[in-house]
Amino acid sequence: MMQIDLNSDLGEHYGSWRMGDDESMLETVTSANIACGFHAGDPKTAFVTLRGAAARGVAVGAHVAYPDLAGFGRRPMTLPADELEAGLIYQIGALQGLARAAGTEVRYVKPHGALYNSIAFNEAEAATVISAIKQINPEFALVCLAGSPLVEQARAAGLRAVTEAFADRAYEPTGALVSRSEPGAVLHDPDLVAERMLRLAQHGTVTARDGSEVAVHAESICVHGDSPDAVNMARAVRAALLGAGVTLQNFSGADNAR
């Protein structure tokens with residue numbers, strides 16, 4: 001029987017500013033990437049989201065980012081390696097403390113936005129991220145863009161690399177994500193998204209924007225929590241996968257098959 005993880009970026013409320021529907025997403029996904037306060041989120045939001053994940057058996061990971069609240073972590077930045085490393089350790093450590101108080105544990109790290117895209121191909125910056133994770137807990141998994149050089153770099157450094165595909169993003173023929181600055185980069189049709197992810201799970205391919213089929217080996221599927229129709233897309237993907245006999249199970253080993 002096929003098995004795959006379904007994840008979403010959650011805990012991104014900031015004070016009175018609201019982003020997404022975490023409660024509904026926690027009823028749908030098997031893993032939750034919790035914002036650590038650098039691109040979005042605050043301590044209260046993280047704690048509430050962590051408790052919600054713990055109550056539902058949803059695995060949690062640290063969704064680390066550049067220090068970019070104004071740009072939601074989606075603006076490229078160049079930081080000195082020691083500054084980036086310290087910031088990552090700070091974010092993961094803070095979320096660890098909140099998670100334990102909420103009755104759960106951080107099990108993996110998933111970089112956010114511009115940092116995620118940069119380390120997929122920037123070997124030097126990726127090495128800094130890997131170093132920071134290993135200093136906190138070398139048993140943590142690192143979620144990586146499927147097919148990117150980061151996958152092998154992380155594995156060579158002794159980390160578990162979990163390959164990820166994106167339900168609501170368009171792909172280039174190379175397997176890279178279409179830049180958010182390009183028209184059609186973000187998908188919004190729940191039925192189309194579900195069809196694409198079922199094909200991914202069953203055949204290991206996604207249709208690129210030029211119509212070609214791209215091989216993508218993914219252990220986890222992400223639906224961005226900040227997309228306008230995120231909940232409906234996640235529910236559609238979940239229903240399509242379960243309807244085809246695919247088991248939804250987090251990659252971290254926690255017992256939450258759905």
Side-chain angles (χ1 to χ4, degrees), residues 2 4-9 31 33 39 63-66 68 71-78 84 108-130 141-157 159-227 230 233-234 237 240-241 251:
M2 291 175 291
I4 201 163
D5 174 67
L6 183 61
N7 79 74
S8 189
D9 305 338
S31 295
N33 321 310
H39 78 280
H63 201 31
V64 298
Y66 290 133
D68 182 28
F72 200 65
R74 289 183 173 149
R75 297 183 294 189
M77 301 180 74
T78 302
L84 175 61
Y108 64 93
V109 175
K110 177 184 169 180
H112 166 81
L115 178 61
Y116 181 99
N117 292 329
S118 176
I119 67 170
F121 301 97
N122 184 324
E123 183 177 349
E125 191 171 35
T128 300
V129 173
I130 290 167
L142 173 62
V143 177
C144 311
L145 177 65
S148 70
L150 175 61
V151 176
E152 291 307 318
Q153 184 179 352
R155 290 172 179 166
L159 285 183
R160 180 184 176 192
V162 174
T163 54
E164 179 181 45
F166 289 86
D168 51 2
R169 293 294 305 279
Y171 277 78
E172 298 282 9
T174 60
L177 300 177
V178 174
S179 170
R180 283 181 177 268
S181 64
E182 297 286 334
V186 181
L187 309 178
H188 301 285
D189 183 337
D191 293 334
L192 172 63
V193 165
E195 179 185 344
R196 285 166 62 86
M197 291 303 98
L198 181 58
R199 183 172 184 80
L200 171 79
Q202 292 180 324
H203 303 289
T205 64
V206 294
T207 304
R209 64 171 171 172
D210 68 351
S212 62
E213 291 297 316
V214 181
V216 177
H217 171 70
E219 300 166 78
S220 186
I221 293 170
C222 176
V223 177
H224 286 97
D226 65 306
S227 296
M233 284 192 288
V237 171
L241 294 173
F251 54 79

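All figures in this text were calculated on a predicted structure; none of them were measured in a lab.
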Could you list the donor-acceptor pairs under 3.5 angstrom formed between side-chain atoms of residues 174-186 and any protein atom two or more places apart in sequence or on another chain?
residue, atom, partner, partner atom, Å
Thr174, OG1, Ala176, N, 3.3
Ser179, OG, Ser181, N, 3.2
Ser179, OG, Ser181, OG, 2.8

Would you be so kind as to tabulate the donor-acceptor pairs closer than 3.5 Å made by side chains of residues 211-218, with sequence neighbours excluded?
residue, atom, partner, partner atom, Å
Ser212, OG, Asp210, OD1, 2.6
Glu213, OE1, Arg199, NE, 3.2
Glu213, OE1, Thr205, OG1, 3.2
Glu213, OE2, Thr207, OG1, 2.6

Could you pull out every donor-acceptor pair under 3.5 Å between side chains of residues 121-128 and any protein atom, sequence neighbours left out?
residue, atom, partner, partner atom, Å
Asn122, OD1, Ala124, N, 3.2
Asn122, OD1, Glu125, N, 3.0
Glu125, OE1, Tyr66, OH, 3.2
Glu125, OE1, Ser118, OG, 2.3
Glu125, OE2, Tyr66, OH, 2.7
Thr128, OG1, Ala124, O, 3.4

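Annotation: side chain of Pro111 is in contact with side chain of Leu142 (closest heavy-atom distance under 4.5 Å). When side chains are defined from C-beta on, Tyr108 counts as touching Ser31, because their heavy atoms get closer than 4.5 Å. In this structure, Leu115 and Val129 have side chains that are in contact, with non-hydrogen atoms separated by less than 4.5 Å. Under the 4.5 Å side-chain criterion, counting only non-hydrogen atoms from C-beta, Val109 is not in contact with Val143. A 4.5 Å side-chain heavy-atom check between Leu84 and Met77 finds every atom pair outside the cut-off. Here the side chains of Val193 and Arg196 are not in contact, with every heavy-atom distance at 4.5 Å or above. Using a 4.5 Å heavy-atom threshold, the side chains of Phe251 and Arg160 count as touching. For the pair Asn7 and Ile221, the minimum side-chain heavy-atom distance is 4.5 Å or more.
The aromatic rings of His39 and Phe72 sit perpendicular, their planes meeting at an angle over 60°, well past the 30° parallel limit.
In plain terms, the two heavy atoms of Ala114 and Arg74 that are nearest each other are CB-C, 3.8 Å. In terms of heavy-atom proximity, Leu187 sits nearest to Ala167 at CD1-O, 3.9 Å. Taking all atoms of both residues into account, the shortest heavy-atom contact from Val151 to Gly147 is CG2-N, 4.4 Å.
Within 6.0 Å of CD on Glu195 lie no more than 12 heavy atoms contributed by other residues, nucleotides or ligands.
Formation of a donor-acceptor pair under 3.5 Å by the Asp5 side chain with backbone atoms of Glu219 is not found in this model. With Asp168 contributing its side chain and His224 its backbone, the two residues share a donor-acceptor pair below 3.5 Å. At least one donor-acceptor pair under 3.5 Å links the side chain of Tyr171 to the backbone N or O of Phe166.
In this structure, CD1 on Ile119 lies 10.0 Å from CG on Leu145, to the nearest 0.5 angstrom. Between the CZ atom in Arg155 and the CG atom in Leu150 there is a gap of 10.0 Å [rounded to 0.5 Å].
Side-chain polar atoms of Ser220 and Glu164 form no donor-acceptor pair below 3.5 angstrom.
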Checklist entry - What's the verdict on salt bridge (Lys or Arg N to Asp or Glu O under 4.0 Å) for Lys110 and Asp9, showing C-alpha distance, side-chain angles and the deciding distance? => result CA-CA 9 Å; Lys110 177 184 169 180; Asp9 305 338; 3.3 Å; yes

Next on the checklist: Between Asn33 and His112, does the side chain to side chain contact (heavy atoms under 4.5 Å, CB included) criterion hold? Intermediate values first, please.
Outcome noted: CA-CA 9 Å; Asn33 321 310; His112 166 81; over 6 Å; no

